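For reference, the structure is listed below as structure tokens.
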Amino acid sequence: MTQHTCCSSPTDTRIVRASIHPAIGVARVGNSPGEYFIGPQVIEPAPMPIGFYRDKHGAIKRQAAEFRIYGYNQAGKLVKEITAECADIRWSVHVANHKAAWYQWEIALDIPEAATTEVPLRNPNVQGPEARKGLAIDGGLRSISGKNACGEAYQCSGAFMGVPVNLGELRTDDRGRLLFLGGHGVSDSPDGSPIFDSSDPNGFINANGWYDDTSDGPVMAEVCINGEEIPVEPAWVITAPPDYAPQVKAIRTLYDLLYDLYVRQDWLAGPVQISFSRDVYPILKRLTGLQWVNQGFAVQFGHGGNNDFEDANFIDKLASKPTLGEYDLYAELRLQVLNSFRNPSNADGNPLPWPWIYGDAVEIKGSASPRQNSAITSTQYKMLQRWAHGDFADDWGKLPPLPTSIDEVPLNDQPATLDRAALEFCLADAFHPGCETTWPMRHLTVYRQPFRIRQRPANQPEPDYGETLDQKKALSLSGPLHNQGPGDITRWMGLPWQGDTAYCRSGYNADYDPFLPTFWPARVPNQVLTEKDYAVVVNPDEPREKRLQAYAQRTSWNKPLHGSVAQQMEQMVRIFGSMGLLELRQGVYGDPAFPETMLVATFGPDSASLDQAESGAQEASATAKPSGVRSPRSANFASSAEASLAPVPVRHRPKSL
């Protein structure tokens, strides 16, 4: 064993244990064969330059999850980051994909609407324990050590029904930190099974005979400092679909969901003092951020809208707090903003309150269920309540800017920052089923401490839950919401993921609104500003009216997809890497009609031309009428296609909602 000296120190800096961070890392698939980038490591990362997320051929790069190890002394105080310079580190990762061997998705099984739901296994025609093992893709336990290690030996390869499938790979950087890269977005059916079977009432995201290369599993490390083994808290990695809007955050992120869970269960303390800048404004700003991915949000919260939360004068009012004895000029304004949000403890089927995001029990024509639409967390709502009643720190413009890279974060704050940043760009709405993870994540039994997933021992097999799964079994003490093994987090998700991503659209009830509510626009856009329109907007030689028209115009993100339900799903499998990806561009300075920065969608080489004839939309509306499908996103797809495949003309937009 190599001897190291940089960790030798007095007793109070002697490392006796260590933890891996982030506790839950998030990788994302991409179709670039060799290029990748490291996922968010701070709460507000710096925008990347134009073209950063694609390689020179236009393919989407994979997002790598980077893991670091931090050492603590006997008193539990952080001493330092442990790297290959001061320790021998051996990383081990075990990822798997159990989607095809798991149960069908129909509804979140923990909500009242699922009380009588009973879901069958996927691929029910594959019978017998040995045969069904072939449905599970097991990447195996893979280990890596040293600096700048990579290569074929670190591939997480498994098989689906005998067909090889690569779920990702391990690498290390020049300091011995772990980089996990997931799959390349490969989804396929070895036997040619249809991706969409209209005769199967649950076939929409339960494609029998198919696999994809998303995955999840534990991340472990063995650390030896000067010949002494140090116990290390393990972590988890999840491989998710691409993030097509990397600068946009959901109103309720996965971090918000878990933080609220831990606060309500007394695992973490809630906020003592409410900061307008750090607690309140981020919630409001996210509403405005969605202007770049949904036309309805653009009208109400976008630049120049009734509630533009990036308008400096508007924010100054919201952030204002009178000194003792002064009249509170903006108390009523704050109260109106608060009351515009859906109260999570008193929600109903009313679609009007914010946010305009579908919920876990959505019905296309609306329902009285409080889960018809989503809500912010109880913790978020309580922070807004305290702000509305004047109980907050008026620190707007008085705090230093947030770090834009993890190296700018003080050492003591780095572990928590990494934990949060990885989840800040994941969704918690709607769990139908979701984008990265789904409803089991909101159950405390899944965790052994905040943000750390409870790992099932490798020699402990999971119980057999039978041919069907219902709410009682799912939520039981011996059910699947306790110890987790490789593949257990992502198994609940749609199969393949491209099918659901192609259909997470907006405005399914056109009688209410052609763009609202929506499913997951922060990860999968609905309507976007294209490069073509952007070029007109920023060209001062174009007539002003034409520039205004181009800026207001939003084109359907799904426009490259044409044909029937099955055809569009198959196209998404093939061209997911060429779908529109939003990048930050310089806007127009000195003209209040336009913002100074804009998010613009760039489409890759395999997408159909955005200038195709309108026949594409007509074909979709004529053919995309699946019968007997319970999924709301497919059951009413025809009206959604008619509303969204073509660019949205300005004259048809509502001026306010």
Side-chain angles (χ1 to χ4, degrees), residues 20-22 24-42 45-68 91 93 95 97 139 142 144 146-157 165-187 212-217 219 235-247 404-407 418 421-426 435-436 490 497-498 501 523 575-584 602 604-606:
I20 301 173
H21 295 272
I24 302 173
V26 180
R28 295 184 185 272
V29 302
N31 64 327
S32 176
E35 295 191 43
Y36 66 90
F37 64 94
I38 295 173
Q41 295 182 298
V42 290
M48 295 295 106
I50 296 171
F52 174 83
Y53 295 102
R54 296 188 187 274
D55 65 18
K56 64 181 180 180
H57 302 293
I60 289 183
K61 301 176 185 177
R62 287 183 290 175
Q63 174 179 301
E66 182 192 86
F67 292 91
R68 303 184 178 196
W91 296 94
V93 180
V95 295
N97 178 316
R142 299 289 185 266
I144 193 170
K147 301 178 183 179
N148 298 314
C150 63
E152 203 167 310
Y154 309 117
Q155 301 286 320
C156 302
S157 298
V165 179
N166 183 11
L167 298 180
E169 61 186 279
L170 279 57
R171 298 180 178 221
T172 59
D173 68 5
D174 59 1
R175 301 197 67 191
R177 297 169 179 143
L178 175 68
L179 296 175
F180 178 84
L181 284 78
H184 288 279
V186 177
S187 298
D212 65 29
D213 60 0
T214 59
S215 66
D216 70 275
V219 176
W236 208 269
V237 67
I238 295 170
T239 299
D243 181 353
Y244 292 101
Q247 302 296 328
T404 57
S405 79
I406 191 64
D407 294 329
L418 290 170
L423 304 177
E424 278 278 291
F425 293 86
C426 296
C435 284
E436 298 90 2
T490 54
W497 67 263
Q498 288 98 331
T501 297
R523 296 285 73 78
I575 71 166
F576 80 89
S578 287
M579 295 297 286
L581 196 151
L582 271 63
E583 298 178 306
L584 188 69
T602 61
D606 295 327

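This one's a predicted model, so the numbers in the text were calculated from it and none came from an experiment.
A distance of 7.0 Å separates CG of L167 from SG of C156, quoted to the nearest 0.5 Å. Annotation: the span from F37 atom CZ to L179 atom CG amounts to 12.5 Å, rounded to 0.5 Å. Separation of atoms CD1 (I38) and CD (E66) is listed at 4.5 Å; rounding is to 0.5 Å. The structure places OG1 of T172 at 10.0 Å from CH2 of W91, a figure rounded to the nearest 0.5 Å. Going from atom OG of S578 over to atom CG of N31 covers 6.5 Å, rounded to the nearest 0.5 Å. With values rounded to the nearest 0.5 angstrom, D173 atom CG is found 8.0 Å from R175 atom CZ.
Side-chain contact between V186 and V165: absent, with no pair of heavy atoms (C-beta onward) separated by less than 4.5 Å. Side-chain contact between L581 and R54 is present, with at least one heavy-atom pair separated by less than 4.5 Å. When side chains are defined from C-beta on, Q63 counts as touching P40, because their heavy atoms get closer than 4.5 Å. Residues R68 and I20 have side chains not in contact (no heavy-atom distance under 4.5 Å, counting atoms from C-beta outward). At a threshold of 4.5 Å between non-hydrogen side-chain atoms, the residues D213 and N166 do not count as touching. Proximity of I144 to L178: side-chain heavy atoms (C-beta onward) are separated by under 4.5 Å at one or more points. Side-chain atoms of I60 and S32, non-hydrogen and from C-beta on, never get closer than 4.5 Å to each other. Side chains of T490 and I238 form a contact here, defined as non-hydrogen atoms less than 4.5 Å apart.
For the pair E436 and R28, the salt-bridge criterion is met [side-chain N within less than 4.0 Å of a carboxylate O]. We find that R62 and E169 are joined by a salt bridge, their nearest charged nitrogen and carboxylate oxygen being less than 4.0 Å apart. Taking a cutoff of 4.0 Å between a charged side-chain nitrogen and a carboxylate oxygen, D174 and K147 do not qualify as a salt bridge.
No side-chain donor-acceptor contact under 3.5 Å links S187 and D212. A donor-acceptor pair shorter than 3.5 Å cannot be found between the side chains of S215 and N97.
Contact detail for F576 and G185: the closest heavy-atom pair is CE2-O, 3.3 Å. In plain terms, the two heavy atoms of E583 and T602 that are nearest each other are OE1-CG2, 3.3 Å. In plain terms, the two heavy atoms of F425 and P45 that are nearest each other are CZ-CD, 3.7 Å. Residues W497 and P242 approach most closely at CH2-CD, 3.4 Å, considering heavy atoms. The two residues L170 and R142 make their nearest non-hydrogen contact at CD2-O, 3.5 Å. Among all heavy-atom pairs drawn from G25 and A422, the shortest one is CA-CB, 4.5 Å.
Of the candidates I24, V95, D216, V95 is the only one forming a side-chain contact (heavy atoms from CB on, under 4.5 Å) with V237.
Aromatic ring centres of F67 and F180: separated by at least 6.0 Å.
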For this session: Before giving the answer on side-chain contact (heavy atoms from CB on, under 4.5 Å), spell out for Y244 and M579 the whole-Å C-alpha distance, their side-chain angles and the decisive distance to 0.1 Å.
Result: CA-CA 8 Å; Y244 292 101; M579 295 297 286; 3.9 Å; yes
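Remark: side-chain polar atoms of K61 are not paired, donor with acceptor, to backbone N or O of G30 under 3.5 angstrom.
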